[in-house]
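Step one of this worksheet: look at the structure below.
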Protein chains: 2
Amino acid sequence: MPTIARELADLAALIADPGRALILSRLMDGRAQTAGELALVAGVTPQTASWHLGRLVQHALLKVERRGPRRLYRLATPLVAQVLEGMMTVAVTGPQATRPPARIDAAMRQARTCYDHLAGELGVALADALREREYLVLDQEVGGLTEAGTAFLGSFGIDLRPSSRHRRVLCRPCLDWSERRPHLAGRAGAALAELAFQRDWIRRRPQGRSVEITDTGLDAFRSLFGVRI
Amino acid sequence: MPTIARELADLAALIADPGRALILSRLMDGRAQTAGELALVAGVTPQTASWHLGRLVQHALLKVERRGPRRLYRLATPLVAQVLEGMMTVAVTGPQATRPPARIDAAMRQARTCYDHLAGELGVALADALREREYLVLDQEVGGLTEAGTAFLGSFGIDLRPSSRHRRVLCRPCLDWSERRPHLAGRAGAALAELAFQRDWIRRRPQGRSVEITDTGLDAFRSLFGVRI
DNA sequence: TGAACATTTCGATCCTGATCGAAACGTTGC
DNA sequence: GCAACGTTTCGATCAGGATCGAAATGTTCA
């Protein structure tokens, strides 16, 4: 009989290869990439990357769709992203003494997407600012928008009124591995990130999932949200 | 510069060994075990287990305390347990077609502890029953007790009134890897599990973290909570 | 101090899995 | 149908880590 520990080990082995970890980390913004691009990300030849991608698809961490002669790979489910994010948190909160987290991925630490919402200093600062104005209640395990918060986000055209159409949770904390504090996830977090992209407050960097804060973005975050960055 | 992907891969490699996965899975009930016992669990010699345990402590997944000539190992933090539980969920929700989850760890699936609360069929059935009576609101991402629920648990001597002394969240969903639905975690879940042990509704099995439901327990869960198992 | 016991360290061996070159496959566009 | 391109399959090689025997360490108790 297969044991859960065995399943755990198999899954971990899948993530344990540096190339595959790079691929997974790259795909954690939820978008799709071609096999060739992912080979570059992983720093291996296309045939090696193909082997890795095959294993990741076989174990249902990734799903693949054919787009002409190319194949596009993306994370299979949001749950995968959530668990990987959790693993990253454990990875960097671990041996603090030996590995100063400050030296890890400077661009990623400043601002990045975490599947569909914002993370890093920016993500945590936004959550803090919303909390300070009492628009949001958020700790490490649960979160919720206040009525004032719903109205505030509504003023940006974000409709977060309770609805039976949406099965997805409005507001969820997501422990940030770089800041070690929760940022805003769930429908509210996703909508906020979408707004920021639409208004050009942030831009995706060409590679990786870190984002760049534009000058107008810095203004907006400070003046509209009261963010201190 | 170390990248987060590299940290992720290193952590995964740590969990990827079958012996270490068995050790971690065993320790997921939050209690401590000696090196010798863990060697038996992992199915390796004491010197091999010692090597594994050393690595797990070095990377801060475990912490160790000396008790006389023995050394007791336990999970370093609740976060570690939470992330491992998440990984298990991904591991079994993955290739559903190839690996029928029904065949995995029968005893564990029925009832087990998940760090400090109850999981498996029992854990999910308890959460369902509490939800049915409108004592509890719980979905995959957030949860909360109703006033009636707080009073109900209070009738068993469980004091869950909001208090500034307790930093820990009252009520949190924890996705159950075997049932694929949330069970009750947080302070409420821990208190409920403690109650069940104290009243001899459940007993820990000698090895592993699965628990046995006693006859009185079955009665109690059915008559007092309305659980259908 | 010495014996008993649990655990760790050292050293040598073995095996799984990552890698890439070469070649085959499949899709698109002419 | 053929050429071009992205991707995968096959095969051989190589390395890192898991394993255990032997011996050392450390702790308790008499």
Side-chain angles (χ1 to χ4, degrees), chain A residues 2-3 5-27 31-74 207, chain B residues 2-3 5-27 31-59 61-74 91 207:
Chain A
T3 64
R6 182 73 229 185
E7 303 285 324
L8 175 66
D10 287 348
L11 172 67
L14 214 59
I15 307 172
D17 178 81
R20 285 196 292 263
L22 281 164
I23 288 172
L24 289 169
S25 176
R26 175 66 189 84
L27 293 176
R31 292 184 302 166
Q33 297 285 324
T34 67
E37 286 167 329
L38 292 173
L40 288 177
V41 167
V44 294
T45 59
Q47 58 269 37
T48 301
S50 171
W51 182 72
H52 287 314
L53 290 168
R55 296 197 51 161
L56 291 168
V57 169
Q58 188 189 353
H59 287 77
L61 285 190
L62 301 186
K63 56 186 177 186
V64 57
E65 60 192 86
R66 312 171 94 101
R67 183 79 56 94
R70 304 164 190 273
R71 300 200 182 179
L72 292 177
Y73 291 86
R74 69 172 75 236
Q207 71 271 6
Chain B
T3 64
R6 182 75 228 184
E7 303 285 323
L8 174 66
D10 287 347
L11 172 67
L14 214 59
I15 307 172
D17 179 80
R20 285 196 293 261
L22 280 164
I23 290 172
L24 289 169
S25 176
R26 175 68 189 83
L27 293 176
R31 292 184 302 167
Q33 297 285 323
T34 67
E37 287 166 328
L38 292 173
L40 288 177
V41 167
V44 294
T45 58
Q47 57 269 36
T48 301
S50 172
W51 182 70
H52 287 315
L53 290 167
R55 297 199 50 162
L56 289 168
V57 169
Q58 188 188 354
H59 286 77
L61 286 190
L62 301 186
K63 57 186 177 187
V64 57
E65 62 191 84
R66 313 169 94 102
R67 182 80 55 95
R70 305 164 190 272
R71 300 200 183 179
L72 293 177
Y73 291 87
R74 68 172 76 236
Q207 70 271 6

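A note on names: the letters A, B, ... follow the listed sequences, proteins ahead of strands, and every chain is numbered from 1.
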Do the side-chain N or O atoms of A:Y73 get closer than 4.0 angstrom to the phosphate oxygens (OP1, OP2) of D:dT8? yes
Return the value, rounded to whole Å, for the distance between atom CZ of A:R70 and atom C1' of D:dG6. 7 Å
Of the listed nucleotides C:dT9, C:dT27, C:dT19, the one nearest the side chain of A:D17: C:dT19
Tell me whether the side-chain N/O atoms of A:R71 come closer than 4.0 Å to OP1 or OP2 in D:dT8. yes
Atom CG of B:D10 and atom P of D:dG16 are separated, to the nearest Å, by 14 Å
DNA chain D contacts among residues 32-39 of chain A, heavy-atom distance under 4.0 Å: A:T34, A:A35, A:G36
Tell me whether the OP1 or OP2 atom of C:dT19 has a side-chain N or O from A:T48 closer than 4.0 Å. no
Nearest-nucleotide wise, let me know which of A:P69 and A:R55 is further upstream toward the 5' end of DNA chain C. A:R55
For a quick test of reading the model: is some side-chain N or O of A:S50 closer than 4.0 Å to OP1 or OP2 of D:dT7? no
Under 4.0 Å, heavy atoms only, any strand: does B:R67 hit a base, just the sugar-phosphate, or nothing? nothing
Taking A:R67 first and then A:E65, would you say they form a salt bridge - that is, a charged N and a carboxylate O separated by under 4.0 Å? yes
Roughly, in whole Å, what's the span from CG in A:L72 to P in C:dT27? 15 Å
Any side-chain N or O of A:H52 under 4.0 Å from OP1/OP2 of C:dT19? yes
Decide, yes or no, whether a salt bridge links A:E37 with A:R26 under the criterion of side-chain N to carboxylate O below 4.0 Å. no
Starting at the 5' end of DNA chain C and moving along, which residue's nearest nucleotide shows up first, A:R66 or A:W51? A:W51
Tell me the interatomic distance from A:Q47, atom CD, to C:dC25, atom C1', rounded to whole angstroms. 14 Å
